[in-house]
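Within every chain, numbering begins at 1; the chains are lettered A, B, ... in the order of the sequence lines, protein sequences first and strands thereafter.
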Amino acid sequence: MKGWWWKVLAVVLLLIASIAALRVPLAPGILNVSKLSLSPGPAELVITGYSTRFDDATQVLIANGGQYLCASRTKAIDATHLNAYFEVPAGMRDDSSYVIADGMAFDTPLYTDSLGSGMADNGCAAPAPRTKAFLFPNLNRLDESIRNLFFHVPMWFAMIALMGISVYHSIRTLASNSLEQDRKAASAVHVGLVFCALGLVTGALWARSTWGDFWTSDVKLNGAAVTALIYLAYLVLRGSIADPYKRARLAGIYNIFAFVLLVLFLFVVPRLNAVDSLHPGNGGNSGFNDLDLDNRLRVVFYPAVLGWILLGAWMCELRDRAARAAEHLDR
Amino acid sequence: MKTFITLTLLFIACVAHAQDGTPVGDALTGNSKLNVVVAVVGVIVLGIGIWMFAMDRKLSRMEKRMDK
């Protein structure tokens with residue numbers, strides 16, 4: 001098993017992370033409330049939930065300006081649909097009322113009529129906070145596709161790790177004039193480009209479902225595309241020089257510039273204050289760091305990233321061994 | 001390089017076909033969006049699979065040369 005442990009680790013990590021990524025349920029949430037506004041008098045709301053467990057005892061209330069109004073009666077249609085009946089009083093404080101069912105608030109407020117100085121005391125208390133289980137956050141528009149975090153993002157981590165390995169070998173090439181180091185650098189770029197392509201395609205699919213288009217002219221997306229072109233140019237450059245020592249030196253120098261540009265295009269430019277970006281973690285957007293359930297994502301995300309990086313390193317090693325054997329045949 | 005070009009061409013073919021209103025376009029914006037996750041995992045498995053085949057062919061060619 002000598003020298004094999006990290007390959008076993010790669011498979012184990014990918015297995016565990018992928019099973020968790022696909023099997024951990026999403027936190028329940030409210031998808032829809034049937035009314036857009038509230039006015040004094042009786043009101044019937046149909047609440048649609050996602051992975052909820054509604055029953056007739058589910059507590060439904062309306063929050064308005066720090067006061068609460070409990071439903072006079074609730075009737076569950078099924079686990080994800082609920083009828084709630086309210087006697088809405090006049091004189092609520094705020095023109096936005098929030099519906100809360102089973103401790104979960106619907107993020108779109110209901111426009112409220114006949115404002116006043118507040119409701120009379122009705123004995124309805126604030127809802128108890130939900131107990132937290134190991135669930136992934138349920139975000140509007142993202143829904144189940146939040147699971148792509150464990151597939152799309154590690155592609156880029158693996159690509160950047162491979163390009164890092166490549167630039168390390170390029171520096172050693174320049175230091176030692178070793179053709180072996182140059183071959184290793186090229187193998188890492190080859191495999192890095194496979195992960196780059198997978199990152200671009202999976203990102204485009206995710207963008208289609210979240211932003212509505214496969215490609216937007218976003219700095220992060222264009223930066224990733226330019227990075228891919230820079231590394232394709234590395235392979236073209238390397239393939240166009242016949243003399244192996246000249247090739248090793250030129251490719252080594254180009255690769256150092258390419259890695260600097262990768263860092264600029266993927267990390268620096270999209271984070272400049274002057275540019276706007278849809279992509280999480282850029283242009284003032286948060287990544288997944290400030291979600292209240294972030295740690296549940298991290299527990300699955302980091303093993304997935306490490307697993308994909310190790311798999312990439314393994315693929316790189318295989319490619320390099322094949323290239324070494326080919327060189328031997330050519331001699 | 002070849003793998004990259006194959007994947008890019010596949011992707012362009014997908015985009016060309018998956019415009020709004022067509023089944024593929026709709027499937028990616030379905031209600032719970034689980035379809036996107038399936039598509040993403042599928043693309044990754046397919047991509048790694050294509051890489052494996054490319055590697056296999058490379059080794060086969062070398063074996064042939066060795067036998068000569």
Side-chain angles (χ1 to χ4, degrees), chain A residues 18 21-22 26 31 50-51 141-152 154-155 189-210 212-215 225 228 231-232 234-236 238-239 308 311-312 315 318-319 321-323 325-326 328-330, chain B:
Chain A
S18 303
L22 296 172
L26 237 54
L31 287 182
Y50 186 78
S51 73
R141 262 193 297 286
L142 223 46
D143 303 327
E144 294 279 358
S145 78
I146 197 167
R147 296 175 197 282
N148 282 347
L149 176 69
F150 312 116
F151 299 104
H152 163 72
M155 293 298 117
V189 168
H190 270 281
V191 179
L193 274 174
V194 173
F195 281 95
C196 180
L198 291 175
L200 286 174
V201 177
T202 55
L205 290 171
W206 201 4
R208 175 67 178 81
S209 91
T210 318
D213 212 340
F214 286 104
W215 196 267
Y231 276 100
L232 281 173
Y234 167 85
L235 296 182
V236 172
R238 210 175 159 275
W308 282 107
L311 187 82
M315 286 163 71
L318 286 180
R319 208 199 135 86
R321 279 158 64 182
H328 205 75
L329 277 175
D330 286 338
Chain B
M1 180 97 160
K2 266 182 212 147
T3 317
F4 186 87
I5 292 169
T6 320
L7 282 177
T8 314
L9 287 178
L10 259 177
F11 169 60
I12 292 168
C14 285
V15 175
H17 281 282
Q19 299 301 327
D20 292 276
T22 62
V24 179
D26 287 344
L28 295 178
T29 49
N31 254 342
S32 73
K33 299 196 170 173
L34 205 52
N35 293 330
V36 200
V37 184
V38 174
V40 162
V41 174
V43 163
I44 291 173
V45 172
L46 197 73
I48 304 274
I50 292 172
W51 186 86
M52 294 294 286
F53 274 108
M55 199 69 203
D56 196 308
R57 270 183 48 194
K58 197 190 276 283
L59 290 174
S60 301
R61 273 202 301 266
M62 268 163 42
E63 278 168 343
K64 247 181 222 159
R65 284 175 58 194
M66 266 165 63
D67 293 338
K68 264 179 202 168

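Only the side chain of B:M55 comes within contact range of chain A, with at least one heavy atom under 4.5 Å from a heavy atom of that chain. Interface remark: A:L26 contributes no atoms to any contact with chain B (heavy atom separation under 4.5 Å). For A:M315, the parts lying near chain B are the backbone and the side chain together; criterion is any non-hydrogen pair under 4.5 Å. Heavy atoms closer than 4.5 Å to chain A are found in both the backbone and the side chain of B:I44. Neither the backbone nor the side chain of A:L31 has a heavy atom closer than 4.5 Å to any heavy atom of chain B. Of the atoms belonging to A:Y50, it is side-chain heavy atoms, and not backbone ones, that fall under 4.5 Å from chain B. Of the two parts of B:V37, the backbone and the side chain both hold a non-hydrogen atom closer than 4.5 Å to a non-hydrogen atom of chain A.
You'll find the side chain of A:L142 stays beyond 4.5 Å of the side chain of B:K33, heavy atoms only. Put simply, the side chain of A:T210 does not reach to within 4.5 Å of the side chain of B:V36, judged on heavy atoms. Taking the side chain as every heavy atom from C-beta outward, A:D330 and B:R65 approach each other to under 4.5 Å.
Nearest heavy-atom pair, B:V40 versus A:T202, reported as atom, atom and distance to 0.1 Å: CG1-CG2, 3.6 Å.
Side-chain N or O atoms of B:K58 include none that pairs as donor or acceptor with a backbone N or O of A:A322 at under 3.5 Å.
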